[in-house]
2 protein chains.
Amino acid sequence: MCSTTPRNTRTGRPRSTEADAAILEATRAALVDMGWSKLTMGDVATRAGVAKTTLYRRWANKNELVVDAVAVLFDELELPDLGSLQADIEHVVLQFAALLERPETKTALMAVVAESTRDAPLRERIRTSIVDRQKRLVLDGRRRAQERGELSADPDPVTVDALDDLIFDVVAGAVVHRALVSAEPVDTAWVARLSALLVGGLGAAAALG
Amino acid sequence: MCSTTPRNTRTGRPRSTEADAAILEATRAALVDMGWSKLTMGDVATRAGVAKTTLYRRWANKNELVVDAVAVLFDELELPDLGSLQADIEHVVLQFAALLERPETKTALMAVVAESTRDAPLRERIRTSIVDRQKRLVLDGRRRAQERGELSADPDPVTVDALDDLIFDVVAGAVVHRALVSAEPVDTAWVARLSALLVGGLGAAAALG
DNA sequence: AGCCTTTCGCTACGGGTCGTAGCGTAATGG
DNA sequence: CCATTACGCTACGACCCGTAGCGAAAGGCT
C-alpha cells in the first residue's frame, strides 16, 4: 500500500495508518475533481489533512501515489462461476467496464500506463498491483472452462500460457479501447458480441499450437 | 495541421509554414528525448528555433500540439491487398505495432487519450486525426473480405456497423494492451494467434445479428 | 512607393507547482 | 529518561506556465 518502506527498525514513532488511508482517499477524490494532469501533491495533502512532506516520505512522485490509490479499486473484480465460459466472460467484462466508467480510473489508468513507458519501476508497480490482479481472472476462467470441457485439455503448457496472454490482451484491450478511445458505451449488446467472438475463435487460435 | 486558424483575411504577414513543420518535428524530437510528461512548450520552441509566443498562436496547449505532431505518423498505415482476410489483418497489426514501438507514439498516445477523458475538444481532435484514420483500414479490410466471399454479405447495415466497431476495438485495443500494458513484444506468433482468433470468431459474432 | 495588417522574436512578468531543508514537537521502544 | 523516527509547519530556489508589450519583418492593397 505504501511506497517507501519505513526503516525496518522497531524503534521510533510508527507511521500513521490513518494518514495512509486519508492520503489514498484524498488522491481518489482529487482525481475525480481535477483529473490526473491537474492533480497536485499539495492539493492532495490539504485534502487529506496532512503535511506535504508526509506524502513525500511515502511516495516518491505523483505516479506511484496514483497507482496505489487506484489499485484498491481493482479488488472489486470477482469471477463467480456462472456455468459457462461465455457467461463468465460477459460478467467480468461488464465489471471491468463499470470500473472504467468511474472518473478516477478513467483519467488515471491510461495516464500511468503512458508514464510507465519511460519508467521501469512504475511499470513493475502497475504490473504487480493492477495487471496481475486482472490476469488472475483470465487464468481462473480458462481453468473452469477446461474443467467443464468447453476447452480442450492443454497439449502444451507453453501454448496455454500464450493463449492466456492473448485472451487477456484481447479482452482488457478491447474494453479499454471501446471505453476510452472510441468513447462509446460498453453495453450488453457489445459485450455479447465480444464474448461470442472470443468463444468462437478460441478453438482456431489454440489450433496454432 | 495547425490548431488555431489565422484570421481569414488575405492581408498581413502570412504564417510561416517552415515554422509549422519545425515545431511539429521539434515536438516529436522532444517526445523522444523527454517523454510526454517532461515535455515543455519552452523546450519545443527552443528546439524549433522559434519564440514561445509563436507556439501559442497556433496551439492552445501541449495536448493539441502533441496530437498534431503524432498524427502524421499514422499516415504510414496502409492496407495492401494480400489476398486473404487473415493476411490483411496480420499485416496491418504488425504495422500498427511497429508504430507503437516508436518512442514518440509510445509515450504520447496513451497520454493524450488519458487527457481526452476530461477534454471533449481534444477527444474530437484525436478522433478525426488518428482514430478515424485507423478505422478506415478496418472498413476497407472487411469490404475486401466480403468481396472475396470470406464473410457473408451483410443482412443488416446496423449489424455491419456494430461488427466493424467491434473488430476495430478488439484489434487496436489488443495491440495497444499487448505493447504498452503487458509490455511484451507483438511478434509474428502472437499476431498469428490474434488473427486466427478474429477470423475464427467473426462468424459467431455476426450470427448475433 | 506608401500604408495597413498580421506575424515574428524578444523580454519580462505574476502565478503556480515541485521537491527539499530545517525546525520544534509528538509518539513509540528500550 | 533517552534514542529514534514520524509529524506539521514554514520557507526556499528552481522550474514551467501563459500572457503582455515592444519594435521589426513580411506580406497585400491602392
Side-chain angles (χ1 to χ4, degrees), chain A residues 1-24 26-27 30-31 33-66 107 111-112 115 118-119 121-122, chain B residues 1-24 26-27 30-31 33-66 107 111-112 115 118-119 121-122:
Chain A
M1 175 184 287
C2 179
S3 178
T4 59
T5 53
R7 305 264 185 281
N8 252 350
T9 64
R10 293 178 176 266
T11 79
R13 176 176 175 175
R15 286 199 179 161
S16 165
T17 57
E18 291 89 352
D20 281 339
I23 291 169
L24 292 178
T27 303
L31 281 173
D33 290 351
M34 324 288 291
W36 180 84
S37 61
K38 305 274 186 190
L39 179 145
T40 70
M41 299 292 267
D43 181 47
V44 171
T46 303
R47 287 172 186 259
V50 158
K52 199 170 55 165
T53 48
T54 301
L55 259 77
Y56 282 106
R57 281 195 198 91
R58 290 164 161 77
W59 291 276
N61 52 57
K62 176 167 129 178
N63 290 322
E64 312 226 336
L65 169 62
V66 168
T107 186
V112 294
E115 293 296 296
R118 307 199 121 238
D119 185 340
L122 180 65
Chain B
M1 174 183 287
C2 180
S3 178
T4 59
T5 54
R7 307 261 185 282
N8 250 351
T9 63
R10 293 177 176 266
T11 80
R13 178 176 175 174
R15 285 200 180 162
S16 164
T17 57
E18 292 90 350
D20 281 339
I23 291 170
L24 291 178
T27 303
L31 281 174
D33 290 351
M34 323 289 292
W36 181 84
S37 62
K38 306 274 186 187
L39 179 146
T40 69
M41 300 292 268
D43 181 48
V44 170
T46 303
R47 287 171 186 260
V50 158
K52 198 169 57 166
T53 46
T54 302
L55 260 77
Y56 282 104
R57 280 194 198 91
R58 291 163 162 77
W59 290 277
N61 52 56
K62 176 167 130 178
N63 290 322
E64 313 227 335
L65 170 62
V66 168
T107 187
V112 294
E115 292 296 296
R118 306 198 122 239
D119 185 340
L122 180 65

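Here the structure is a predicted model, which means the values were calculated and not measured. Chain A is the first sequence line, chain B the second, and so forth, proteins listed ahead of strands; every chain is numbered from 1. Note: hydrogens, waters and symmetry copies are ignored here, and every other heavy atom, side chains too, is used.
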Practice prompt. Between G42(B) and S16(A), name the one whose nearest nucleotide on DNA chain D is closer to the 5' end.
Written response: S16(A)
Item to complete: Decide, yes or no, whether a salt bridge links D20(B) with R15(B) under the criterion of side-chain N to carboxylate O below 4.0 Å.
Response: no
Worksheet item: Do the non-hydrogen side-chain atoms of R118(B) and K38(A) ever get within less than 4.5 Å of each other?
Response: no
Discussion item. Is R15(A) close enough to dA26(C) that one of its side-chain N or O atoms is under 4.0 Å from OP1 or OP2 there?
Written reply: no
Worksheet item: Under the side chain to side chain contact (heavy atoms under 4.5 Å, CB included) criterion, do V44(A) and R47(A) qualify, and how do the steps go?
Response: CA-CA 5 Å; V44(A) 171; R47(A) 287 172 186 259; 5.5 Å; no
Discussion item. Given 3.5 Å as the limit, does a donor-acceptor pair link the side chain of T107(B) with the main chain of W36(B), or not?
Written reply: yes
Discussion item. Any side-chain to backbone donor/acceptor pair from D43(A) onto T46(A)? Under 3.5 Å, distance only.
Written reply: no
Worksheet item: Can you check the L65(A) CG to dC18(C) C1' distance for me, whole Å?
Response: 14 Å
Discussion item. Expressed as a whole number of angstroms, how long is the span from E18(A):CD to dA26(C):C1'?
Written reply: 14 Å
Worksheet item: Hey, is the side chain of T54(B) poking within less than 4.0 Å of OP1 or OP2 on dG9(C), counting only N and O atoms?
Response: yes
Worksheet item: For A19(A) and V50(A), which heavy atoms make the closest approach, and how far apart are they?
Response: CB-CG2, 4.3 Å
Worksheet item: Rounding to a whole Å, what distance do you find between L55(A):CG and dT20(C):P?
Response: 12 Å
Discussion item. At under 4.0 Å between heavy atoms, how does the protein contact nucleotides 18-27 of chain D? Give one character per nucleotide, 5' to 3', with B, S or -.
Written reply: BBB----BBB
